[in-house]
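Okay, structure first, notes after.
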Amino acid sequence: MGGVGEPGGGPAQLGATLPTFRWEQIRPHNLPGDKWLVIERRVYDISRWAQRHPGGSRLIGHHGAEDATDAFHAFHQDLNFVRKFLQPLLIGELAPEEPSQDGPQNAQLIDDFRALRRAVEDMKLFEAKPTFFAFLLGHILAMEVLAWLIIYLLGPGWVPSTLAALILAVSQAQSWCLQHDLGHTSIFRKSRWNHVAQQFVMGQLKGFSAHWWNFRHFQHHAKPNIFHKDPDVTVAPIFLLGESSVEYGKKKRRYLPYNHQHLYFFLIGPPLLTLVNFEVENLAYMLVCMQWTDLLWAASFYARFLLSYAPFYGVPGALLLFVAVRVLESHWFVWITQMNHIPKEIGHEKHRDWASSQLAATCNVEPSVFLDWFSGHLNFQIEHHLFPTMPRHNYRRVAPLVKALCAKHGLSYEVKPFLTALVDIIGSLKKSGNMWLEAYLHQ
């Protein structure tokens with residue numbers, strides 16, 4: 001071992017003795033242009049490389065000055081391949097007397113979780129079943145064809161149109177689930193194949209950008225329910241969640257009647273998320289980041305939709321059908337994706353270990369054959385967050401092992417009935433609104 005390293009020493013030379021660092025030296029390196037992180041006790045300077053990170057600079061930057069070992073394992077399939085990119089960034093390693101994690105973390109829990117991951121790998125639970133995902137794609141395409149056939153055979157009346165809109169909304173919801181699997185590289189062994197297939201599903205079947213989705217969704221997985229790191233909970237000033245409620249109240253901020261946010265949620269939450277928020281955000285991302293391939297894929301979706309339905313409805317009618325499908329789909333998206341998160345702890349960075357941070361922000365919903373399919377297995381949100389690259393058909397098998405780990409360490413493994421999970425979203429919004437009102441009125 002070399003002596004204690006000095007900041008800014010540059011990349012370590014291959015074969016040279018690595019300088020050592022203490023956590024107190026690493027902590028200051030968590031600034032926009034100055035980022036270090038620790039993986040497997042090795043210290044890396046990612047300051048210049050972060051902009052080239054395939055998952056985006058924000059994703060890797062959220063782990064600045066932290067031990068990112070478990071996040072590194074969770075997000076990457078081929079670790080040996082990724083380590084090649086890390087080698088030029090290596091500047092040292094933790095001093096022998098330093099713990100592997102900074103701060104008061106449960107080292108035994110971390111060791112047990114890593115042992116669980118190794119056991120899961122040995123059980124081959126990260127291997128996908130091609131027939132399972134082929135069926136998912138097949139039934140999505142079948143619904144798209146069925147919706148068109150209903151209008152073609154029965155005409156554009158109210159009843160056929162309503163039925164077609166419902167079928168298309170289910171197809172869109174299932175397309176969300178399939179592209180989500182592909183985004184997490186949980187289907188194909190090669191990351192490239194997952195990315196190409198995701199562009200097709202997200203672009204041609206949905207009209208969105210795969211890069212936009214990954215940019216925001218990976219941040220959610222890295223730091224779930226953490227303000228300014230998880231885009232899904234950074235929703236102020238429209239809605240106040242968790243700790244932001246008291247903060248807004250103390251600062252006397254009242255942009256909306258937040259004590260009634262559980263009511264206006266029904267007007268602007270489920271109906272408009274994908275139709276307005278996602279459409280605008282998605283288009284802006286493609287233009288600003290110059291994702292021209294994604295833009296072409298998205299354009300192909302709209303061209304196909306208009307060519308399919310404009311002959312029956314005309315362009316205005318086809319656009320009205322599109323809006324109806326997006327609104328129905330948006331309801332599914334909000335309720336299904338938020339039933340596992342909004343009722344859980346939401347606040348600022350706590351610098352927890354990987355397992356603790358994921359468990360604090362997620363809960364499960366009681367499984368059934370229907371709900372597993374309807375939710376895209378997102379009712380197993382705990383397992384999905386602990387092992388994001390695991391194919392979803394294996395969540396049931398790993399769930400008992402995760403539950404046992406939680407029981408051993410006294411961690412909450414929460415499982416709710418489906419309707420309770422939905423009601424808890426409203427209850428959580430109401431609670432946050434009341435917390436804001438109490439802080440706002442307090443002198």
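Side chains are part of it too, since the values below use all heavy atoms of this structure and drop only hydrogens, waters and symmetry mates. Along the sequence shown, residues are numbered consecutively beginning with 1.
- A salt bridge links D372 to R396: at least one charged side-chain nitrogen sits closer than 4.0 Å to a carboxylate oxygen.
- Of all heavy-atom pairs spanning G203 and F301, the tightest one is O-CB, 3.2 Å.
- Panel note: side chain S244, backbone L240; no donor-acceptor pair is recorded below 3.5 Å.
- For the residue pair S175 and L205, the shortest heavy atom distance occurs at OG-CB, 4.1 Å.
- For the side chain to side chain contact (heavy atoms under 4.5 Å, CB included) test with N214, the passing option among H184, Q198, H180 is Q198; the others fail.
- Between S186 and A128 the shortest heavy-atom distance is O-CB, 3.5 Å.
- For the side chain to side chain donor-acceptor pair (under 3.5 Å) with D230, the lone residue among H341, R216, H221, H220 that qualifies is H220.
- When only modelled atom types and interatomic distance are considered, S300 and Q204 share a side-chain donor-acceptor pair under 3.5 Å.
- Proximity of a side-chain donor or acceptor of S356 to a complementary backbone N or O of R352 within less than 3.5 Å is not detected.
- Between E121 and R117, at least one side-chain N (NZ, or NE/NH1/NH2) sits under 4.0 Å from a carboxylate O, which counts as a salt bridge.
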Run the side-chain contact (heavy atoms from CB on, under 4.5 Å) test on W176 and Q174 for me, step by step, so that the C-alpha distance in whole Å, both residues' side-chain angles and the decisive distance to 0.1 Å come before the verdict. CA-CA 5 Å; W176 275 120; Q174 291 301 307; over 6 Å; no
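- Residues P99 and R41 come closest through the heavy atom pair C-NH1, 3.6 Å.
- Closest approach of H331 to P271, counting heavy atoms only: CE1-CA, 3.6 Å.
- Between the side chain of H351 and the backbone N or O of E66 there is no donor-acceptor pair closer than 3.5 Å.
- Shown here are the salt bridge (charged side-chain N to carboxylate O under 4.0 Å, His left out) partners of K344, two or more places apart in sequence or in another chain: E414.
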Set out, in order, the CA-CA distance, both residues' side-chain angles and the distance that settles side-chain contact (heavy atoms from CB on, under 4.5 Å) for Q172 and R326, then state yes or no. CA-CA 8 Å; Q172 287 293 295; R326 276 287 190 257; 3.0 Å; yes
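- The only member of K229, K35, Q219 that meets side chain to side chain donor-acceptor pair (under 3.5 Å) when paired with H62 is Q219.
- One N or O on the side chain of Y264 and one on the backbone of I238 form a donor-acceptor pair closer than 3.5 Å.
- With respect to E40 and R42, no salt bridge is recorded, no charged nitrogen being found less than 4.0 Å from a carboxylate O.
- Ring planes of F208 and W212: parallel class, angle under 30° (limits at 30 and 60°).
- Residues E383 and R397 are not paired through a salt bridge, judged by the lack of any N-O separation under 4.0 Å between the basic side chain and the carboxylate.
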